[in-house]
Every structure is written in C-alpha cells, then in structure tokens.
Amino acid sequence: MSEIIISVLLLVGGGFVLIGSIGLVKMPDFFMRLHGPTKATTLGMACLLTAAIVFFSKSAEGISAKEVLISIFLLLTAPISGYMLIKSAIHHRLPASKNTKGEENIEED
Amino acid sequence: MLETVLLIVFAMLGLALLLSVWRLVVGPSLPDRILALDTMYINSIALIILYGMSMGTALYFEAALLIAMLGFVSTVAVCKYLLRGDIIE
C-alpha cells in the first residue's frame with residue numbers, strides 16, 4: 001500500500017518539476033517565466049519530499065528531520081528569491097510581451 | 001514497481017535539468033540566467049533525494065540541505081548585486 005502512495009507522489013512531484021522547467025523554456029518573457037520555478041517546482045519538491053518521508057518512515061533508519069527541514073526551507077525561501085528576482089528584473093527594465101499585464105503599476109525606484 | 005517509477009522520475013528530473021541548462025545558456029538577460037540557476041539547484045536537490053531513495057539511505061540528505069541553504073543565499077546575493085551594484089552596503 002505504501003508503495004502505491006510513494007509511486008503516485010513521486011510521479012506527481014516529478015511531473016510538476018518537469019512542468020516548471022518546461023515553463024521556464026517556453027514562456028515568452030521573464031515575468032511569465034518566473035511562474036514556472038516559483039510555483040510548479042515548489043509544489044513538485046513538496047510532493048517528492050513527502051514521498052521520501054513516507055519511504056524512510058518504514059525503513060530501519062526511521063523518520064528523520066532532514067526531509068522536513070528541507071521542505072520547510074524550500075517552501076520558506078522560494079517566495080523570497082522570487083521577490084528578489086522580480087525586483088532586479090524591474091530594476092533592469094526587462095522588455096515584456098504585450099500579454100503581460102500590470103506594467104502601469106510599476107513604480108520608479 | 002517502485003524501481004520502474006524511480007527510473008521514470010529520474011528521466012523526468014534529468015530532462016528538467018537539461019531544460020534549465022538551455023535557459024542558462026540562451027539567456028537572454030541576467031535575471032533569466034539567475035532564475036535558471038535557481039531552478040537548477042532545486043532540480044539537483046530533487047535528484048539527490050531520488051538517488052538517496054534508490055540507494056535506500058538518508059545519508060545524502062545533508063548534501064541536499066546544504067545545497068538548499070547555499071543556493072538560496074547565492075540567489076539573494078546575486079539579485080542584491082544586480083539591484084544595488086553592491087552586496088553589503
């Protein structure tokens with residue numbers, strides 16, 4: 001039973017990470033490209049780490065704090081790095097495609 | 001069953017890593033390359049976790065924790081450099 005749970009979590013997590021990287025390649029401008037890694041990849045990593053927790057909870061080593069620490073750390077730091085990246089992109093005045101909305105809300109710094 | 005799923009997910013994560021390398025090489029701007037590096041370290045954490053699961057040991061998770069911490073710090077430092085031209089003012 002736990003093997004099925006681990007397999008489903010691994011496939012969902014790997015799929016989300018792959019979708020995040022495909023979005024990184026396919027999207028037309030930087031402001032859209034930021035969505036892939038910050039959202040899809042974070043969710044995929046959460047699924048993969050949950051699979052690792054389930055996998056090691058039934059082995060001899062027992063459940064360890066490292067998986068929980070990595071998942072908390074990734075969920076905590078992904079928004080901060082996304083914020084810093086979008087700040088530097090606005091600072092460099094990167095060109096946006098015509099489908100990107102909200103450019104009139106950008107304030108001069 | 002788990003061995004097959006592990007192989008499939010290894011292939012998916014390797015493809016994701018190659019796609020981020022492509023974005024790192026093509027660019028076109030500096031924040032794009034930083035974003036590609038950010039994605040690459042997340043993908044490498046996922047690969048290390050999968051390798052640990054296929055080997056059946058949690059020994060490699062310390063390396064994953066180190067990569068998570070140092071990758072975040074380096075992303076913030078390079079973004080700060082792009083924003084201000086200086087890391088510590």
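In the text below, chain A, chain B and the rest are named by the order of the sequence lines, each starting its count at 1.
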Identify which part of [X] has an atom lying under 4.5 Å from any heavy atom of chain B, answering side chain, backbone, both or neither.
X     : answer
A:I22 : both
A:F73 : side chain
A:L49 : side chain

Establish whether [X] and [Y] are linked, either directly or via other cluster members, by ILVMFWY side-chain heavy-atom contacts under 4.5 Å.
X     : Y     : answer
B:I45 : A:I80 : yes
B:V5  : A:V8  : no
A:L69 : A:L74 : yes
B:V73 : B:L83 : yes
A:L76 : A:L43 : no

Find out whether [X] and [Y] are in side-chain contact, i.e. whether some heavy atom of one side chain is under 4.5 Å from a heavy atom of the other.
X     : Y     : value
A:T77 : B:M69 : no
B:L13 : A:L18 : no
A:H92 : B:S29 : no
A:V17 : B:M12 : no
B:L50 : A:L10 : yes
B:L2  : A:F55 : yes

For the atom pair [atom1] ([X]) and [atom2] ([Y]), what is the distance rounded to the nearest 0.5 Å?
X     : Y     : atom1 : atom2 : answer
A:S21 : B:W22 : OG    : CH2   : 13.0 Å
A:L48 : B:L47 : CG    : CG    : 9.5 Å
A:I19 : B:L19 : CD1   : CG    : 12.0 Å
A:S88 : B:I34 : OG    : CD1   : 5.5 Å

Against chain B, work out which of A:R33, A:M84, A:E3 has the most heavy-atom pairs shorter than 4.5 Å and name it. A:R33

Against chain A, label [X] side chain, backbone, both or neither, depending on which of its atoms sit under 4.5 Å from a heavy atom there.
X     : answer
B:S20 : both
B:D32 : both
B:I42 : both
B:F72 : side chain
B:V9  : side chain
B:I8  : side chain

Taking atom CZ of A:F31 as the centre, does the number of heavy atoms from other residues, nucleotides or ligands within less than 6.0 Å exceed 12? yes

Verify the neighbour count for atom CZ of B:F10: are there more than 12 heavy atoms of other residues, nucleotides or ligands below 6.0 Å? yes

For the candidates B:L30, B:T39, B:L35, B:T4, which exhibits the highest count of non-hydrogen atom pairs separated by less than 4.5 Å from chain A? B:L35

If you tally heavy-atom pairs under 4.5 Å against chain A, which of B:M1, B:K80, B:M40 wins? B:M1

Tell me the closest heavy-atom pair linking B:A36 and A:L24, and the distance in Å. CA-CD2, 4.2 Å

Show, in sequence, the C-alpha distance, side-chain angles and deciding distance for B:I49 and A:M45, and conclude whether the side-chain contact (heavy atoms from CB on, under 4.5 Å) test is met. CA-CA 10 Å; B:I49 286 162; A:M45 285 305 293; 4.2 Å; yes

For A:K66, what residues pass the salt bridge (Lys or Arg N to Asp or Glu O under 4.0 Å) criterion, not counting sequence neighbours? B:E62

